[in-house]
Amino acid sequence: MGKHLTSRSEDFAKWYNELVIKSGLADHSGVRGCMVIKPYGWAIWEKMQSILDKKFKATGHQNAYFPLLIPKSYFNKEAQHVKGFAKEVAVVTHYRLKHDPKTNEIIVDPDAKLEEELIIRPTSETIIWSTYKNWIQSYRDLPLLINQWANVVRWEMRPRLFLRTTEFFWQEGHTAHATEQEAIEEAKLILGIYTDFLQDYVGISVSTGIKTDSEKFAGAINTYTLESVMQDGKALQLGTSHFLGQNFAKAFDVQYSNKEGKLEYVWATSWGVTTRMIGAMIMSHSDDDGLILPPLLAPIQVVIVPIYKDDETHSRINEKAEQIIKELEALDISVKYDNEDGQSPGWKFAEYELKGVPIRIAIGPKDLENREVEIARRDTKEKKNYPNTDIGNVIKDLLDEIQKKIFNSSKSFQQESTHEVDKFDDFKSLLNDKGGFISAHWDGTAETEEKIKNETKATIRYIPFNGKEEEGTCIYSGKKSKRRVIFAQAY
RNA sequence: CGGGGUGUAGCGCAGCCCGGUUAGCGCGCCUGCUUUGGGAGCAGGAAGUCGCGAGUUCGAAUCUCGCCACCCCGACCA
């Protein structure tokens with residue numbers, strides 16, 4: 001294992017890559033764009049899943065599972081949807097391999113060609129709506145509130161660990177409602193759940209708003225988004241919640257009888273967050289020494305490192321460590337006692353900093369003598385000695401404090417990274433300089449949006465909700481504008 | 001898909017230009033002793049189809065041709 005990471009200032013992309021791999025979250029695999037998520041990384045995802053899952057269930061959603069493979073014809077039905085995803089779907093064309101007698105190699109059996117090709121889901125709207133058609137007949141069947149935890153495949157040209165992989169994990173919610181209003185409320189409810197989750201648990205400050213037509217989900221009427229600024233000044237979309245209108249209902253003919261016995265198309269939403277959140281968490285909080293994990297998602301919240309010279313001291317430390325472990329476990333704090341004797345304490349310190357364990361407790365001869373322990377927090381690198389008494393509660397409070405501190409840093413960073421700009425020259429120089437969110441006037445046309453993108457690589461990340469009415473002129477075209485939108489260069 | 005790079009021990013690399021001992025170094029691993037408050041030291045040891053396939057040659061990690069894979073940078077995307 002290399003001793004040092006590339007620093008963020010030297011090469012942010014390299015820092016990120018090394019960090020993901022060296023901290024043991026994930027590995028590259030034999031297939032381009034597909035990654036192996038290792039136990040330490042998967043443990044974080046499991047925590048994310050269980051927290052979100054509870055929130056979904058608390059708001060009336062149920063989990064179900066729909067198939068990975070979707071007949072190509074289903075995919076055809078909603079025009080915008082096909083158009084949006086066509087470029088990146090993987091297609092299954094055959095169902096068998098055979099031995100080639102000539103080369104003695106395994107080849108695709110040409111006789112096993114599928115009559116109808118199957119696509120590997122890039123998202124599940126089509127298969128779900130073709131199923132909902134049979135599930136929904138009456139207003140009594142509504143609302144239908146389903147979520148699934150699944151993997152999807154989108155053939156990516158330029159993959160990046162966690163941020164953009166060809167296969168990724170996510171949850172996708174798909175709901176059907178009797179009224180437009182109710183569907184919009186659902187999409188916003190979920191956006192609120194995502195916001196709370198990202199801020200309270202992942203510790204990332206997010207901003208929300210509506211996507212422009214060119215950035216919205218293929219097949220949606222409106223896409224609500226959550227966005228944040230990473231440490232390098234680039235923006236990242238962390239999740240989306242879509243109001244789908246009646247587009248899929250009409251494409252798949254999903255109608256219900258209302259109380260008056262008249263047939264009406266249902267109103268739909270879909271929404272998702274992915275393993276990308278892990279990448280965002282890394283890029284938001286971590287430093288040149290390694291990960292900084294928010295306590296509420298850290299697989300290990302506290303690590304105890306013993307320091308000893310002789311067996312007698314060692315066994316006294318073990319005793320003390322056991323006491324602390326009991327105290328912490330009683331408070332539901334996850335703790336690891338690293339009592340391996342293969343590595344020096346210094347090695348362990350560096351290792352757990354790399355892995356982002358929020359709190360480290362060191363116990364050595366001095367501490368035994370003074371009836372203390374040394375407690376070090378990962379986020380600030382601060383070290384302090386605490387007396388033996390009531391260590392559990394000290395740690396508990398410290399974990400809370402770290403969680404808050406991480407979020408507050410993210411919040412102030414996001415505020416510092418947001419700038420109002422009125423001149424296109426300033427807009428461009430700001431992008432070159434530090435990036436971040438740029439709040440600027442836009443004339444509302446797709447043409448201007450496109451031109452700005454081509455010239456600066458910045459896109460409109462979102463149109464803020466309740467953006468205050470403000471007379472102004474478009475930063476690019478000089479035409480009249482009534483509100484500011486948020487631009488950024490994005491991942 | 002374009003440009004660049006890499007492929008040699010579990011990991012990171014050198015060797016290749018200019019072919020020739022038994023393919024080397026660091027980390028890790030195993031054994032032993034000494035160590036342990038910020039990535040420990042010494043001694044000994046195990047571990048390699050040199051990405052794959054052809055070719056040139058007395059001889060190929062090294063030269064030639066072909067193939068494959070991955071990474072990085074750009075255009076598309078959660």
Side-chain angles (χ1 to χ4, degrees), chain A residues 1-6 11 13-14 16-18 21-22 24 27-35 83-89 103 105 122-123 151-172 194 211 214-218 223 225-227 235-242 270-280 289-290 305-311 313-314 317 338-354 360-370 372-374 376 381 383 385 453-454 457 459 490-491:
Chain A
M1 181 133 333
K3 285 188 180 174
H4 293 288
L5 289 169
T6 300
D11 187 339
K14 200 171 175 192
Y16 175 81
N17 256 300
E18 285 180 9
I21 289 168
K22 289 185 177 174
D27 262 335
H28 292 291
S29 77
V31 179
R32 179 184 164 72
C34 293
M35 66 173 171
K83 215 174 137 194
F85 284 102
K87 297 179 301 262
E88 52 186 3
V89 289
T103 63
E105 272 170 29
T123 180
N151 55 340
V152 290
V153 167
R154 298 182 186 176
W155 215 260
E156 291 296 342
M157 302 205 207
R158 188 146 125 58
R160 234 139 115 37
L161 291 164
F162 286 114
L163 299 177
R164 192 181 307 103
T165 46
T166 295
E167 178 191 15
F168 59 92
F169 276 82
W170 73 349
Q171 58 68 217
E172 47 179 326
Y194 289 162
K211 285 288 188 188
S214 58
E215 295 277 333
K216 74 184 183 186
F217 177 72
T223 289
T225 182
L226 303 105
E227 307 266 336
L236 184 70
Q237 177 178 310
L238 282 154
T240 46
S241 181
H242 316 291
S270 69
W271 28 274
V273 287
T274 76
T275 38
R276 169 181 276 186
M277 289 189 293
I278 296 173
D289 293 318
V305 177
I307 301 157
Y308 53 87
K309 290 195 169 108
D310 54 84
D311 287 350
T313 316
H314 189 184
I317 291 170
D338 189 344
N339 204 12
E340 299 294 319
D341 63 357
Q343 287 101 8
S344 68
W347 190 93
K348 291 175 184 174
F349 291 176
E351 182 65 11
Y352 291 108
E353 277 162 16
L354 178 64
R360 179 187 72 231
I361 300 176
I363 312 172
K366 283 184 224 159
D367 305 304
L368 289 179
E369 206 174 303
N370 302 330
E372 289 180 343
V373 292
E374 181 195 82
K381 292 285 198 81
K383 285 195 274 198
N385 288 319
K453 184 181 174 184
N454 290 339
K457 293 192 175 115
T459 49
Y491 272 98

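In what follows, every chain begins at residue 1, and chains take the letters A, B, ... in the order their sequences are listed.
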Under 4.0 Å, counting only non-hydrogen atoms across every strand here, what does A/T223 touch: a base, just sugar-phosphate, or nothing? nothing
Nearest of B/G39, B/G38, B/C71 to any side-chain atom of A/S344? B/G39
Report yes if at least one side-chain N or O of A/N17 is closer than 4.0 Å to OP1 or OP2 of B/C72; otherwise report no. yes
Please tell me which of the listed nucleotides, B/A40, B/C72, B/C76, lies nearest to the side chain of A/K453? B/C76
Would you classify A/K457 as touching base, sugar-phosphate or nothing, given that sugar-phosphate means primed atoms plus P, OP1 and OP2, and contacts are heavy atoms under 4.0 Å? sugar-phosphate
Interatomic spacing from CE in A/M277 to CG in A/L163 - rounded to 0.5 Å: 12.5 Å
In whole angstrom, give me the gap between the C1' atoms of B/U64 and B/G28. 38 Å
Most 5' of A/G342 and A/Y491 on RNA chain B, judged by nearest nucleotide: A/G342
How many angstroms lie between OG1 in A/T274 and CZ in A/F162, if you round to the nearest 0.5 Å? 10.5 Å
Checking B/G38, B/U36, B/C76 against the side chain of A/P345 (C-beta onward), the nearest is B/U36
Whole-Å gap separating P (B/G38) and NZ (A/K366): 8 Å
Between B/C77 and B/G15, how many Å separate the two P atoms, rounded to a whole number? 42 Å
Just checking, any donor-acceptor pair under 3.5 angstrom between side chains of A/N339 and A/H314? yes
d(CZ, A/R32; C1', B/G7) in whole Å: 16 Å
Pairing partner of B/G7, by Watson-Crick or G-U wobble and under 3.5 Å for both distances, is B/C68
Using the P atom in both, what is the distance from B/U56 to B/C65, to the nearest Å? 15 Å
Between B/G39, B/G74, B/C77, which one does the side chain of A/A350 approach most closely? B/G39
What's the gap between B/C50 and B/G10 when it is taken at their P atoms, as a whole Å value? 12 Å
For the residue pair A/R360 and A/F349, would you count it as a cation-pi contact if the rule is NZ or CZ under 6.0 angstrom from the ring centre and within 45 degrees of the ring axis? yes
Could you tell me how far apart A/L354 (CG) and B/G38 (C1') are, to the nearest whole angstrom? 14 Å
Expressed as a whole number of angstroms, how long is the span from A/M35:CE to B/C71:C1'? 16 Å
Base of B/G38, side chain of A/E353 - is there a donor-acceptor contact under 3.5 Å? yes
Are A/R158 and B/C73 close enough that a side-chain N or O sits under 4.0 Å from OP1 or OP2? yes
Give, for atom CH2 of A/W170 and atom OG1 of A/T123, the distance between the pair rounded to the nearest 0.5 Å. 3.5 Å
Measure the distance from CD on A/E156 to P on B/C72 and round it to the nearest whole Å. 13 Å
I'd like the P distance from B/C67 over to B/G2, given in whole Å. 13 Å
Paired with B/C13 by Watson-Crick or G-U wobble geometry, both distances under 3.5 Å: which nucleotide is it? B/G24
Identity of whatever pairs with B/G19 - Watson-Crick or G-U, under 3.5 angstrom: none
With rounding to whole Å, what would you report as the distance between B/C42 and B/G38 at their C1' atoms? 22 Å
Does any nucleotide pair with B/C1 by Watson-Crick or G-U wobble geometry, both distances under 3.5 Å, and what is it? B/G74
Gap in Å between the two C1' atoms, one belonging to B/G51 and one to B/C16, rounded: 16 Å
If only side-chain N and O atoms count, and only distance matters, is there a donor-acceptor pair under 3.5 Å linking A/T166 with A/E156? no
Any strand is fair game: report the nucleotide pairing with B/U57 by Watson-Crick or G-U wobble, both distances under 3.5 Å, or none. none
Heavy atoms from C-beta onward define the side chain here; which of B/G37, B/C77, B/A40 lies closest to that of A/W347? B/A40
Between B/C1 (C1') and A/E88 (CD): distance, integer Å: 15 Å
Base, sugar-phosphate alone, or nothing: which one does A/K87 contact when heavy atoms must sit under 4.0 Å apart? sugar-phosphate
Between the base of B/G37 and the side chain of A/K309, is there a donor-acceptor distance below 3.5 Å? no
For A/G364 and for A/L163, find the nucleotide of RNA chain B with the closest heavy atom, then tell me which residue's nucleotide is more 5'. A/G364
Under a plain distance cut-off of 3.5 Å, with no hydrogens placed, do A/N385 and A/E374 share a side-chain donor-acceptor pair? no
Under 3.5 Å on both distances, the Watson-Crick or G-U partner of B/G37: none
Report which part of the nucleic acid A/P306 touches: base, sugar-phosphate, or nothing (heavy-atom distance under 4.0 Å, all strands). nothing
Report which part of the nucleic acid A/F85 touches: base, sugar-phosphate, or nothing (heavy-atom distance under 4.0 Å, all strands). nothing
Mind checking who B/G32 pairs with, Watson-Crick or G-U wobble, both distances under 3.5 Å? B/C42
Please find the pair of heavy atoms, one from A/T313 and one from A/P365, that lie closest to each other, and give the distance. CG2-CG, 4.1 Å
Given atom NZ of A/K216 and atom C1' of B/C77, what is their separation to the nearest angstrom? 17 Å
Among the nucleotides B/G38, B/U36, B/C72, whichever has the atom closest to the side chain of A/R360 is B/G38
Could you please name the partner base of B/G48, counting Watson-Crick and G-U wobble pairs only when both distances are under 3.5 Å? none
Measuring only the P atom in each nucleotide, how far is B/A54 from B/U62? A whole number of Å is fine. 14 Å
Without decimals, in angstroms, what is the distance between A/D310 CG and B/C33 P? 17 Å
Enter the distance from A/R32:CZ to A/T165:OG1 here, rounded to the nearest 0.5 Å. 12.0 Å
A/R154 side-chain proximity, nearest of B/C77, B/G38, B/G37: B/C77
